[in-house]
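Worksheet: the structure to be examined is printed underneath.
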Amino acid sequence: MNKMDEQNKSVWKNVIENTVMLYPAESVARFLGRNYSKIDRAVISEMKALDIGTGSGRNLKALLDYGFQSYGIDYIADACNIAKNNLQGYKNLKEIYCGNFTEYNFNMEFDVILIFGVIFLRDVKSITNDLLVINKLLKSNGKMFINFRTTYDYLYQTGQKIDDNTFILENEYKDAVYSFFNLDEAKELLINTGFKIENIEREDYYKDNLHKHNSWWMLQVTK
């Protein structure tokens, strides 16, 4: 694990401990409903799904509720323990791994991969390498759901700039590394790492009495 990962690990350990999320993201629920709600559950029960950056397990829970043979991975030990505690009792929970997914040998390919809220916590070169690894984990007819912070987000251009559109933040996520993308950049990154884009959404919402504008690209891809 490099210095950037260790820096982010410290930041997100505190976030996860102080904010345990229990319910799936709405956009993840839309992705699953759009693609799998009409598929027989017996078929889904034979499909494998991976949640990268599991955190407290909120999106992994959505995969489990759909009936996938579900796996999670996070490099924060406390997050893994929280997720295991939250999701105990699911018979289709195969494993929650604790470690860096780029260094883990899964010995399988997945029908579904979620990487939600985590891919952009690195510089663009590292993100590119991560996506190349994920491409090898995804089945040829599989689907991945991924999100990126947009350049409209309130965090954009805050903190110390370390690369084009990459910053070390100085706010509530102090010392976290964040990269931001316009839509063309996000699309190009995915296409150049071997993915085919099937659906694009943008999600915006305001919090803290409308002072903080959160903005995300949501992309469904296959390969």
Subject >> Inter- and intrachain pairs under salt bridge (Lys or Arg N to Asp or Glu O under 4.0 Å), touching residues 79-93, at least two apart >> reply: none
Subject >> salt bridge (Lys or Arg N to Asp or Glu O under 4.0 Å) pairs, two or more places apart, involving residues 38-53 >> reply: none
**OP:** Report the hydrophobic cluster partners of L210, with the cluster defined as I, L, V, M, F, W, Y residues connected by side-chain heavy atoms closer than 4.5 angstrom, directly or transitively.
**Re:** Y206
**OP:** Among W216, F148, W217, find the one that has a ring-ring contact (aromatic ring centres under 6.0 Å, His included) with F120.
**Re:** W216
Original post:
Quick one: which of I115, T193, N192 gives a side chain to side chain contact (heavy atoms under 4.5 Å, CB included) with L131?
Top reply: T193
Original post:
Which pairs with one or both residues in residues 180-194 pass salt bridge (Lys or Arg N to Asp or Glu O under 4.0 Å), sequence neighbours excluded?
Top reply: none
**OP:** Ignoring hydrogens and angles, tell me if any N or O in the side chain of N92 forms a donor-acceptor pair with the backbone of L64 under 3.5 Å.
**Re:** yes
Subject >> Residues forming a side chain to side chain contact (heavy atoms under 4.5 Å, CB included) with D208, sequence neighbours excluded >> reply: K212
Original post:
Which residues satisfy the side chain to side chain contact (heavy atoms under 4.5 Å, CB included) test with E109, sequence neighbours excluded?
Top reply: K139
Original post:
How about Y178 and Y156: are their ring centres within less than 6.0 Å of each other?
Top reply: no
Original post:
Taking all non-hydrogen atoms of both residues, which atom of N135 and which atom of G194 are closest, and how far apart?
Top reply: ND2-O, 3.2 Å
**OP:** Give a yes/no verdict on a cation-pi contact between R58 and F116, requiring under 6.0 Å between NZ or CZ and the six-membered ring centre and an angle within 45° of the axis.
**Re:** no
Original post:
side chain to side chain donor-acceptor pair (under 3.5 Å) with T102: which residues, sequence neighbours excluded?
Top reply: N100
Original post:
Does S56 use its side chain to pair, donor to acceptor, with the backbone of I82 at less than 3.5 Å?
Top reply: no
**OP:** Would you list the pairs meeting salt bridge (Lys or Arg N to Asp or Glu O under 4.0 Å) in which at least one residue belongs to residues 142-158, sequence neighbours left out?
**Re:** K143-E198, R149-D153
Original post:
Can you check whether F195 reaches L189 side chain to side chain, under 4.5 Å on heavy atoms?
Top reply: no
Original post:
Can you name the nearest heavy-atom pair linking V124 to S179, along with the distance?
Top reply: N-OG, 4.1 Å
Original post:
With S215, which residues qualify under side chain to side chain donor-acceptor pair (under 3.5 Å), at least two apart?
Top reply: T150, D204
Original post:
Who are the side chain to side chain contact (heavy atoms under 4.5 Å, CB included) partners of N171, not counting sequence neighbours?
Top reply: L155, T158, L169, Y173
Subject >> N/O donor-acceptor pair under 3.5 Å between N59 side chain and A25 backbone >> reply: yes
Original post:
What pairs with R30 under salt bridge (charged side-chain N to carboxylate O under 4.0 Å, His left out), at least two apart in sequence or on another chain?
Top reply: E26, E201, E203
Original post:
How would you list, by chain and number, every residue that makes a side chain to side chain contact (heavy atoms under 4.5 Å, CB included) with D163, sequence neighbours excluded?
Top reply: T166
Subject >> Shortest non-hydrogen contact between S70 and L60, atoms and distance >> reply: CB-CD1, 3.8 Å
Subject >> Verdict with supporting geometry, F106 and F101, ring-ring contact (aromatic ring centres under 6.0 Å, His included) >> reply: CA-CA 9 Å; F106 289 95; F101 78 92; 7.7 Å; no
